Amino acid sequence: MKNIINPVKGTRDFYPQDKSVNSWLYQNIREVSESFGYQEFDGPFLESIDLYAAKSGEELVKEQSFVFPDKSGNLIALRPELTPSLVRMIAQQQQQLYYPLRWWSFGPFWRYESPQKGRGREFFQWNADLIGVDSPEADAEMAALMAEFFKKIGLSSTQVKVFVNNRRLIEGELSKLDISPDKQGKVFRLIDRKDKLSDKEWSSYALKIGIETKQFDGIKKLLSTDDMWKESTELVQFFSAVDALGVKDYVEYSPRIIRGLDYYTGTVFEALSISTDVRRSISGGGRYDNLLADVGGDSLPGVGFAMGDMVVNVILEELGLLPENRSSSPAKVIVTVFDAESQMASYQLGAELRQTGLNVYSYPTPDKLGKQFRHADRIGAKIAVILGPDEISKQQVAIKDLKTREQVTVSRSEAAAAIQGILDTDSGA
RNA sequence: GCGAGCGUAGCUCAGUCGGUAGAGUGCUGCACUGUGGAUGCAGUUGUCGCGGGUUCAAGUCCCGUCGCUCGCCCCA
């Protein structure tokens, strides 16, 4: 390795086998989103820093965004999240859109953070939002969307779970413990860290934010009450909708899910792996009923989530669920070049076969047939076509099945059909 | 921002007490001039991350630096 410029820290190179995973995720996301009637949309990758200053967490803008001045001196950010763009787009056309709005998106985002397993500085994110409905059933649809996606990519309900809680429920419980609303934000952070800190560290964190012993005991009791959702009519409705949507197995109540972001107002959810030691959350979201009004639009309720691609990749890899055949050529047919004299005839044959709809890889130079077969095998081709002097003189082509090593010679006009026939039996077997 | 570990061939890595730079794999050729994956033989690949220091001698020890990885913080 000499004189190769390092890639930018935290970015990934998508070699074909990696890009195929990315495309596969995109495809599955598209199919699941569309199956629920969501429409694809996208915002710009570059946004004015002001867009994020309005509402995103201070830290996300100041510490974790790529920001640079353009030639006129305006501060531009590489988007660290999609929600502000989404909210702006809706506010801009608020009177012209039909509600509820079901929108989804999949694209790149950037955050200036320290790269490690399951986290980079450049990542892809799936966003799905349901705008204009304030109901537990809408929340349930979000959970179902996530669950159906997991099902589709091969993650079972014993491998991943969508954990759900409700902030209004917890706020009410905290008030019963005489924890004032202005302190509840800090308690949310405390709850958020329950599984990340040791018991000792967690206790001392509680002390630090001014929680009394009695209140602390109450909080601990809250966090171990797994059927508290029954106290919340919202969650009762939510779970009955989840049941109706057929994803009960994937969705579970957890008093410990609270989410870090401030703008969530009701139901919150987070998908986690329960079968690997990957602690990082796969996806997260919740209800945000004030967001649009906060940005200057008319009040409009919404619920949504985001899922990064990196944690999903780690989990799929650890469970051995990544799609296979990732580095093979999209062409399953290779046309060999017998010698320099016949190369143009081979090229012509390749073009002819392509016209019939086949993906055809033309070997680019005359070479030993053995070498060409070896190459064909390595790129994952199934069939090699040979056009030597004998075939040319008889208006024929030789078709070789690389797997069975069987070879047939057919007239040129029948070649495409013969190839298609072999491909069909292969894929059937 | 803080902490730990690792940088040796295209790739994965070994390298003992400081004493000639290695293996596997890959790649190329040949056995095999109209037919591949096996096997055998031959060949090929190096700023040992970079800079300095100690030493007769440094891949190895010391200092610095850069890069990568993994944690913490935070989050997708």
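Naming: A, B, ... by sequence-line order, numbering from 1 per chain. Note: hydrogens, waters and symmetry copies are ignored here, and every other heavy atom, side chains too, is used. Note that the coordinates shown come from a computational prediction; the quantities given were computed from them, not determined experimentally.
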Answer with base, sugar-phosphate or nothing: what part of the nucleic acid does [X] contact at a heavy-atom distance below 4.0 Å?
{"X": "A:Ile386", "result": "base"}
{"X": "A:Asp309", "result": "nothing"}
{"X": "A:Lys400", "result": "base"}
{"X": "A:Glu391", "result": "base"}
{"X": "A:Ser114", "result": "base"}
{"X": "A:Gly120", "result": "base"}
{"X": "A:Phe338", "result": "base"}

*With a 3.5 Å cut-off and just heavy-atom distances, do the side chain of A:Arg111 and the base of B:A76 make a donor-acceptor pair?*
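When only heavy-atom distances are counted, A:Arg111 does reach the base of B:A76 through a donor-acceptor pair under 3.5 Å.
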*Any N or O donor-acceptor pair linking the side chain of A:Gln407 to the base of B:G34 at under 3.5 Å?*
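When only heavy-atom distances are counted, A:Gln407 does not reach the base of B:G34 through any donor-acceptor pair under 3.5 Å.
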_RNA chain B: 5'-proximal contact among A:Ser283 and A:Lys403 (nearest heavy atom)_ =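 Checking each residue's closest nucleotide, the 5'-ward one belongs to A:Lys403.
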To the nearest Å, give me how far apart [atom1] ([X]) and [atom2] ([N]) are.
{"X": "A:Leu78", "N": "B:A76", "atom1": "CG", "atom2": "P", "answer": "18 Å"}
{"X": "A:Glu406", "N": "B:G36", "atom1": "CD", "atom2": "P", "answer": "16 Å"}
{"X": "A:Leu272", "N": "B:A76", "atom1": "CG", "atom2": "C1'", "answer": "12 Å"}
{"X": "A:Glu113", "N": "B:C70", "atom1": "CD", "atom2": "C1'", "answer": "16 Å"}
{"X": "A:Arg119", "N": "B:C70", "atom1": "CZ", "atom2": "C1'", "answer": "12 Å"}
{"X": "A:Lys117", "N": "B:A4", "atom1": "NZ", "atom2": "C1'", "answer": "16 Å"}
{"X": "A:Gln396", "N": "B:G34", "atom1": "CD", "atom2": "P", "answer": "19 Å"}
{"X": "A:Glu81", "N": "B:A76", "atom1": "CD", "atom2": "C1'", "answer": "11 Å"}

How far, in whole Å, is [M] from [N] if one measures between their [atom1] atoms?
{"N": "B:G7", "M": "B:G49", "atom1": "P", "answer": "8 Å"}
{"N": "B:G22", "M": "B:U16", "atom1": "C1'", "answer": "14 Å"}
{"N": "B:C2", "M": "B:G19", "atom1": "P", "answer": "37 Å"}
{"N": "B:U33", "M": "B:G51", "atom1": "P", "answer": "48 Å"}
{"N": "B:A9", "M": "B:G71", "atom1": "C1'", "answer": "32 Å"}
{"N": "B:G1", "M": "B:C63", "atom1": "C1'", "answer": "24 Å"}
{"N": "B:C73", "M": "B:G26", "atom1": "C1'", "answer": "42 Å"}
{"N": "B:C68", "M": "B:U8", "atom1": "P", "answer": "14 Å"}

Selection from [options] that lies nearest to any side-chain heavy atom of [X]:
{"X": "A:Arg259", "options": "B:G36, B:A76, B:C75", "value": "B:A76"}
{"X": "A:Lys371", "options": "B:C70, B:G36, B:G29", "value": "B:G29"}
{"X": "A:Lys9", "options": "B:G34, B:C68, B:A76", "value": "B:C68"}
{"X": "A:Gln125", "options": "B:G71, B:A76, B:U28", "value": "B:A76"}

*Okay, side chain of A:Arg119, backbone of A:Ser114: is any donor-acceptor separation there less than 3.5 Å?*
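Flag set: sc A:Arg119 to bb A:Ser114 pair under 3.5 Å.
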Would you please confirm or rule out a distance under 4.0 Å between OP1 or OP2 of [N] and any side-chain N or O of [X]?
{"X": "A:Gln116", "N": "B:U69", "value": "no"}
{"X": "A:Lys368", "N": "B:G36", "value": "no"}
{"X": "A:Arg280", "N": "B:C73", "value": "no"}
{"X": "A:Arg378", "N": "B:C27", "value": "yes"}

So with a 6.0 Å cut-off around [atom1] of [X], is the heavy-atom count from everything else above 12?
{"X": "A:Lys19", "atom1": "NZ", "answer": "yes"}
{"X": "A:Phe45", "atom1": "CZ", "answer": "yes"}
{"X": "A:Glu317", "atom1": "CD", "answer": "no"}
{"X": "A:Glu212", "atom1": "CD", "answer": "no"}

*Are the ring of A:Phe109 and the six-membered base ring of B:A76 within the stacking cut-offs of under 5.5 Å and under 30°?*
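No; centroid distance or tilt outside limits.
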*Tell me, please, which residues at least two apart from A:Glu252 pass salt bridge (Lys or Arg N to Asp or Glu O under 4.0 Å).*
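None.
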_How long is the straight-line distance from CZ of A:Phe14 back to CD of A:Gln17, given to the nearest 0.5 Å?_
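Nearest 0.5 Å value for the CD-CZ distance: 12.0 Å.
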*asked:* Determine whether the aromatic ring centres of residues A:Phe149 and A:Trp126 are separated by less than 6.0 angstrom.
replied: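 Yes, the ring centres sit under 6.0 Å apart.
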Listing, residues 127-137 of chain A side-chain donor-acceptor contacts under 3.5 Å, not counting sequence neighbours, or none:
{"from": "A:Asn127", "atom 1": "ND2", "to": "A:Gln125", "atom 2": "OE1", "distance (Å)": "3.1"}
{"from": "A:Asp129", "atom 1": "OD1", "to": "A:Tyr288", "atom 2": "OH", "distance (Å)": "2.4"}
{"from": "A:Ser135", "atom 1": "OG", "to": "A:Glu137", "atom 2": "N", "distance (Å)": "3.4"}
{"from": "A:Ser135", "atom 1": "OG", "to": "A:Ala138", "atom 2": "N", "distance (Å)": "3.1"}
{"from": "A:Glu137", "atom 1": "OE2", "to": "A:Gln237", "atom 2": "NE2", "distance (Å)": "3.2"}

_Which nucleotides of RNA chain B pair, in dot-bracket form (Watson-Crick or G-U under 3.5 Å, | meaning another strand)_ = (((((((..((((.....[..))))((((((.......))))))....(((((..]....))))))))))))....
*Stepwise salt bridge (Lys or Arg N to Asp or Glu O under 4.0 Å) test for A:Asp309 and A:Arg12*: CA-CA 12 Å; A:Asp309 71 315; A:Arg12 287 171 290 171; 3.0 Å; yes
